[in-house]
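Taking it in order: structure first as C-alpha cells, then the write-up.
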Amino acid sequence: MASSTHMDMLEENIDSLRGWETIVWQGFHLEDWRRHGVINRVAYFEVEILDPKSKAQLCYLDKVEPNATIAEIKTLLHKIYPKFYPSRQALKLHPEGKALSDDDVLEDLPVGTTATMFFQDLGPQLGWTMVFLAECLGPLFIYLLFYYRLPYIYGHEFDFTRSPFKVVKLASWCHSLHYIKRLVETIFIHRFSDGTLPLRTIMLLCLYYWGFAAWQAYYINHPLYTPATYGRLQIYCALAMFLVCEFGNFSVHLILNRISCNGSRPTEIPYPTNNPFTWLFFFVSCPNYTYEVGSWISFTVMTQCVPVGVFAFLGFIQMTIWARAKHKTYIEQFKDYPDLRTAIIPLFF
C-alpha cells in the first residue's frame, strides 16, 4: 500500500512538472533560452574550405563561433594564406553557386555543424577610389593628346597645329571640365565602401573609358572636322545645357555626400535644398545620373560627333540600370518614399 501510494504521488508530481514545463515553454521563446545559456546544443562549428576544382582541403577551421560572419571566416583564412586577403576571397556553399555575403552569419546558413565551403580567388583587387581615378585620368590626358595634335596621329603636316573652329576648343574645355570635376568629386566628395574590384575588371573599365575618349577626340580634333549643322545657335545652346547639367550633377553629389548611409545602403531619403539644381529630386531618385546623361547628350549636340553619341547612348543604358536598382532600394527601405519619383527620367521611368 505504501509503495502504491508513493507511486501515485510520484505520477502527480510528474504531471505537475509537465504542466509547468508547458507554461514555461509557452512564455519563454527558444531564442530566450539560448540567450540565457539554458539551451546550447551547438557550442562551436567546424568549417572546411575546399578547392572547387580538385575538392582538396585548403584549410580546416575548428571551434568557430556560431555567430561568426563570412568576413570573419575570410580573416581566419587570410591568417593561414597571407596572399589571399579578405577582399580577394569568395566563399561559396557550392562550387558553381553564388558567393556568400560578408554579412552572412554562419549559424544562419543551410549547413550542418561542419560547414563545407568552396574558395575562389578573385585575383588582385583595387579600391573604388583608385578605380575612379584611373577611369578619369586616362580620358583627360588622352583627349588632350589629340587636341594638341601630337606627332603620328594625323600626319606630320598637322603636328602641333590647331583647328580653326572655336567649337573644337570649346569641346576640349568641356571634356576636360567634366573629368576634372569627376576627379575632384572622387578625392573630396564621394564616399566609397570598403568594396574592391578585380584588377582585370578595372582594366576592362579603363579600356572602355580610355578607348571612347580616344575615339571621340580623334574625330573632333581631326583636320577634316566640320562644325555643327546649325552653327553658333546649336553650339552655344548645347554648351549652356552642358554647363547646367555639370553643375547640377555636382550639386546632387554634395547632397548625397551629406546623407547617412549604412555601407552602400542609405539610411535617410535625399531631398532637394534651396539650390534649384537639386530640385530634380522632386521627380527622380537619381538626378545625378539624369544630369550625367544630359551632359553627354549636350556634348553630342554641340560637337555633332557620332562616337560621342554612341558613348552617351551606352552610358544611358548602364545608368538606367543603376538608377532603377537604386530606386527599388529606396522603395523597399522607406515606406514613406515619395510616390512622384521615378528612377532616372522624370514622370517616365
Hydrophobic cluster membership, with links at side-chain heavy-atom distances under 4.5 Å among I/L/V/M/F/W/Y: are [X] and [Y] in one?
X	Y	answer
Y147	V308	yes
F250	L243	yes
L207	L197	no
L133	Y208	yes
Y218	F160	yes

Any chance [atom1] of [X] has more than 12 other-residue heavy atoms, nucleotides or ligands included, within less than 6.0 Å?
X	atom1	value
F349	CZ	yes
R324	CZ	no
F313	CZ	no
E96	CD	no
N274	CG	no
K98	NZ	no

For [X] against [Y], the heavy-atom pair lying closest together:
X	Y	value
S87	T196	CB-OG1, 3.4 Å
M117	V47	SD-CG1, 4.3 Å
A312	I297	CB-N, 4.3 Å
G123	R200	CA-NH1, 4.4 Å
L340	F282	CD2-O, 3.8 Å
Y143	S172	CE2-CA, 3.6 Å

Ring centroid separation F316 to Y289 under 6.0 Å: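 No, they do not, as the ring centres are separated by 6.0 Å or more.
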Judged by atom type as modelled, is there a donor-acceptor pair below 3.5 Å linking the side chain of [X] to the main-chain atoms of [Y]?
X	Y	value
W173	V168	no
Q333	P266	yes
S298	L239	no
Y85	Q125	yes
R88	D121	no
T329	A325	yes
R191	L256	yes
N249	N288	yes

Charged tip of R341 within 45° of Y271 ring normal and under 6.0 Å: yes
Residue pair N221, I153: steps toward the side-chain contact (heavy atoms from CB on, under 4.5 Å) verdict: CA-CA 10 Å; N221 298 285; I153 295 180; over 6 Å; no
Under 3.5 Å side-chain donor-acceptor pair for N257 and H253: no
Polar side chain donor-acceptor pair, D51 to S54, under 3.5 angstrom: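 On atom types as modelled, these side chains qualify, holding a pair under 3.5 Å.
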Partners meeting side-chain hydrogen bond (donor to acceptor under 3.5 Å, both in side chains) with T342 (sequence neighbours left out):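 Listed in chain order: nothing, the list is empty.
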Qualifying residues under side-chain hydrogen bond (donor to acceptor under 3.5 Å, both in side chains), relative to Q120, sequence neighbours excluded: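 Applying side-chain hydrogen bond (donor to acceptor under 3.5 Å, both in side chains) to Q120 gives K92.
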For the atom pair [atom1] ([X]) and [atom2] ([Y]), what is the distance rounded to the nearest 0.5 Å?
X	Y	atom1	atom2	result
T129	I187	OG1	CD1	9.0 Å
I49	Y60	CD1	OH	12.0 Å
I220	L170	CD1	CG	11.5 Å
M302	I235	CE	CD1	8.0 Å
E157	R149	CD	CZ	10.0 Å
L140	E135	CG	CD	13.5 Å

[Y] and [X] aromatic ring geometry - parallel, tilted or perpendicular at 30°/60° bounds:
X	Y	answer
H222	Y154	perpendicular
W296	H175	perpendicular
Y219	W215	perpendicular
Y225	F165	perpendicular

Verdict with reasoning, V252 to L280, per side-chain contact (heavy atoms from CB on, under 4.5 Å): CA-CA 9 Å; V252 171; L280 202 53; 5.9 Å; no
Does [X] reach the side chain of [Y], with side-chain heavy atoms less than 4.5 Å apart?
X	Y	answer
V284	P346	yes
C286	W322	no
Y330	P270	yes
F118	L93	no
I269	D336	yes

Check residues 70-84 and write down every donor-acceptor pair under 3.5 Å in which the side-chain atom is one partner and the other belongs to a residue at least two apart or another chain.
| residue | atom | partner | partner atom | Å |
| --- | --- | --- | --- | --- |
| E72 | OE1 | T69 | N | 2.9 |
| K74 | NZ | Q89 | O | 3.2 |
| K74 | NZ | D102 | OD1 | 2.8 |
| T75 | OG1 | A71 | O | 3.0 |
| H78 | ND1 | P82 | O | 3.3 |
| H78 | ND1 | F84 | O | 3.3 |
| Y81 | OH | L58 | O | 2.5 |

For L224, the rest of its hydrophobic cluster, which grows through side-chain links under 4.5 angstrom: none
Residue pair Q216, F311: steps toward the side-chain contact (heavy atoms from CB on, under 4.5 Å) verdict: CA-CA 9 Å; Q216 296 167 22; F311 183 71; 3.4 Å; yes
Residues forming a side-chain contact (heavy atoms from CB on, under 4.5 Å) with Q304, sequence neighbours excluded: A228, T229, Q234
For I331, all residues meeting side-chain contact (heavy atoms from CB on, under 4.5 Å), sequence neighbours excluded: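 Here the qualifying residues are H327, Y337.
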Steps toward side-chain contact (heavy atoms from CB on, under 4.5 Å) verdict (F45, L61): CA-CA 9 Å; F45 276 71; L61 304 175; over 6 Å; no
